[in-house]
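Note that the numbering runs from 1 along the sequence shown for the chain.
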Amino acid sequence: MEKDMEYYIQVSGRIMKDNLDKRKSLTQKICDWYLDQDKEDICLIASGSSLNAAYAARPFLLKYSKFDISVLSTVEYLDVYREREKNRFTILISQSGCSTNIIEIMKELDKEHQPFVLLTGNENGSASRYTDRLVEYGVGNETIDYVTLGYSTLIEFLMLMILEIGFQKKEISDQEYETAVSQIRKACEMQELCLIQAKELVQKRYQDLLCMEKAILVGDGANLATVREGALKFQETLKVPTVYYESEEFIHGPDMQLTPDYSVFFIDCGKTSDRLYDIYKATSLITERCYMITDQVHDKRDGQIRMPCRLPAEITPLYTAALFQYIAAHVTKEKNNFTCHPLFSRMEQAVSPKTEDYDRIMKEKLERSRREENG
């Protein structure tokens, strides 16, 4: 199978299970660094999909820790919360290892003699020149710009990190630890099942999805981060204007723009009430282009992905992104729509989120992947 977006979505469940099996060795360095210092609270700093992954993981992190965990964009950190966060264990995240905004913060922290850890999916990225405290979080060699595997494995890594820290500090019991590990393993299996159903849904609603021109994504709790990531994926691949909301925010104004040509996606997993499902049904009175991932037993409707069991809400982001990732990957490929407008190159040259050697580094990753395939 060609190593495109679809390939990396396809292997995500398996690689997350592999990372779960080697969780202690995978997280050992960062756990040791955390336990060896005197700061308890944690600050996660990222942007793009990495920021969305940190947001998605945060409810789980808070549940299994006795300390506070903040998640900040690079702009929020530099311009607003820098002073407040200086006494926290700081983790910077850059999957590419070439994020200019993360490198800027690394330089600032180095000037102030403040320690930090870099989580990355690329140990050979430009950011590696600015720290010796670097951890590759288990994504391996994802060689494309539109990250999917990196998003899911980052969520899982943060979950595993907090479990190992809590377990070593004896703040998590053996039973709590084993239960959480079992639930994460189940979520990895659910990712594979969600992907199978996503493929079926795309085939069933192929024409509607091919013609999608504007979309709204709705999710709550940890899955607000999932729909945020879904909106990012739709916009950077399909080039479709997409917004995301919590369910109650959606019906407090944004729903007034709805017409029958809107596509609206809902995540109804891990919830304890029927409220979001009621909002989904009400929305379908306006547009037939309604889609849902649900783990609840409600009336079966076209456009639904039904998960066979319910996991705690904070676990579900490990699988719920699969629908949006697959639509972005498959429909964009079908439409041959990955190419941006010709004028985009001018903007990218004027202001780029990646370092100047990014293209060379990505080429090296691709060549390394080919060598690995050829043994």
Side-chain angles (χ1 to χ4, degrees), residues 1-31 46 48-50 52-54 56-57 60 93-97 118-125 134-164 180-199 222 225-226 229-230 233 307 311 315-326 328-330 362 365-375:
M1 185 176 182
E2 180 188 354
K3 287 189 175 181
D4 55 8
M5 280 183 74
E6 289 191 50
Y7 167 82
Y8 288 109
I9 303 165
Q10 186 75 37
V11 301
S12 289
R14 173 179 60 79
I15 291 177
M16 285 195 293
K17 282 186 276 189
D18 290 344
N19 287 348
L20 181 63
D21 289 338
K22 59 182 182 183
R23 58 190 177 275
K24 293 191 180 295
S25 60
L26 187 66
T27 63
Q28 182 177 353
K29 278 201 301 185
I30 197 167
C31 290
S49 290
S50 297
N52 296 339
F60 182 97
I93 309 172
S94 171
Q95 179 170 340
S96 68
L118 175 68
L119 280 188
T120 183
N122 183 11
E123 294 175 298
N124 300 309
L134 180 151
V135 175
E136 196 283 309
Y137 59 80
V139 60
N141 193 23
E142 188 171 15
T143 59
I144 60 173
D145 291 317
Y146 307 108
V147 298
T148 53
L149 172 63
Y151 174 79
S152 301
T153 51
L154 177 54
I155 297 173
E156 182 191 37
F157 179 90
L158 293 171
M159 291 179 172
L160 297 176
M161 175 192 75
I162 218 69
L163 281 179
E164 294 302 324
V181 168
S182 176
Q183 290 170 343
I184 291 172
R185 190 177 304 281
K186 187 65 179 179
C188 297
E189 297 170 1
M190 299 274 269
Q191 189 276 343
E192 295 171 323
L193 179 58
C194 187
L195 178 57
I196 290 171
Q197 294 196 55
K199 292 178 179 179
T226 305
E229 173 66 10
K233 280 289 167 284
M307 304 311 296
L311 291 172
I315 298 280
T316 60
L318 288 172
Y319 70 81
T320 50
L323 171 63
F324 307 109
Q325 292 172 338
Y326 182 74
H330 187 75
M362 290 301 291
K365 282 170 65 75
L366 184 59
E367 290 173 351
R368 188 163 65 250
S369 177
R370 288 169 178 162
R371 288 197 300 270
E372 290 168 357
E373 281 185 21
N374 294 329

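Distance check, rounded to the nearest 0.5 Å: CZ of Phe60 to CD1 of Ile184 gives 4.0 Å. Atom CG in Leu119 sits 4.5 Å away from atom CD1 in Ile30 (nearest 0.5 Å). Residue Gln325 holds its CD atom at 8.5 Å from OG of Ser49, rounded to the nearest 0.5 Å.
Looking at residues two or more places apart in sequence or on another chain, you find a side-chain hydrogen bond (donor to acceptor under 3.5 Å, both in side chains) between Asn52 and Arg228, Glu229. For Gln28, the side-chain contact (heavy atoms from CB on, under 4.5 Å) partners are Asp32, not counting sequence neighbours. Residues that satisfy the side-chain contact (heavy atoms from CB on, under 4.5 Å) test with Ala328, not counting sequence neighbours, are Met5, Lys233, Phe234, Thr237. Residues satisfying the ring pair (Phe, Tyr, Trp, His ring centres under 6.0 Å) test with Tyr137, not counting sequence neighbours, are none. Annotation: salt bridge (Lys or Arg N to Asp or Glu O under 4.0 Å) contacts of Lys24 (sequence neighbours excluded): Glu164. Applying the salt bridge (Lys or Arg N to Asp or Glu O under 4.0 Å) rule to Asp145 yields no partners; only residues at least two apart in sequence or on another chain are considered. In this view, Asn124 and Asn122, Arg368 satisfy the side-chain contact (heavy atoms from CB on, under 4.5 Å) rule, not counting sequence neighbours. The side-chain contact (heavy atoms from CB on, under 4.5 Å) check on Glu136 picks up Glu123, Val139, with sequence neighbours excluded. Residues meeting the side-chain hydrogen bond (donor to acceptor under 3.5 Å, both in side chains) test with Tyr326, sequence neighbours left out: His330. Applying the side-chain hydrogen bond (donor to acceptor under 3.5 Å, both in side chains) test to Thr320 and every residue at least two apart in sequence or in another chain returns Asn223, Thr226.
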#### Entry: Chi angles and distances behind the side chain to side chain contact (heavy atoms under 4.5 Å, CB included) call for Leu311, Tyr319
CA-CA 11 Å; Leu311 291 172; Tyr319 70 81; 4.3 Å; yes

Can you give the donor-acceptor pairs under 3.5 Å from side chains of residues 148-160 to other protein atoms, not counting sequence neighbours?
{"residue": "Thr153", "atom": "OG1", "partner": "Leu149", "partner atom": "O", "Å": "2.8"}
{"residue": "Thr153", "atom": "OG1", "partner": "Gly150", "partner atom": "O", "Å": "3.4"}

Sequence neighbours left out, cut at 3.5 Å: what donor-acceptor pairs do the side chains of residues 185-192 make with other protein atoms?
{"residue": "Arg185", "atom": "NH1", "partner": "Asp21", "partner atom": "OD1", "Å": "3.1"}
{"residue": "Arg185", "atom": "NH2", "partner": "Asp21", "partner atom": "OD1", "Å": "3.1"}
{"residue": "Gln191", "atom": "OE1", "partner": "Gly13", "partner atom": "N", "Å": "3.1"}
{"residue": "Gln191", "atom": "NE2", "partner": "Ile9", "partner atom": "O", "Å": "3.2"}
{"residue": "Glu192", "atom": "OE1", "partner": "Lys17", "partner atom": "NZ", "Å": "3.1"}

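Ion pair Asp18/Arg14 flagged as a salt bridge, since at least one NZ, NE, NH1 or NH2 atom sits closer than 4.0 Å to an Asp/Glu carboxylate oxygen.
The two residues Ser94 and Thr120 make their nearest non-hydrogen contact at O-OG1, 2.7 Å.
Side-chain contact between Arg23 and Val181: present, with at least one pair of heavy atoms (C-beta onward) separated by less than 4.5 Å. Counting only heavy atoms from C-beta outward, the side chains of Lys3 and Ile144 never approach each other to under 4.5 Å.
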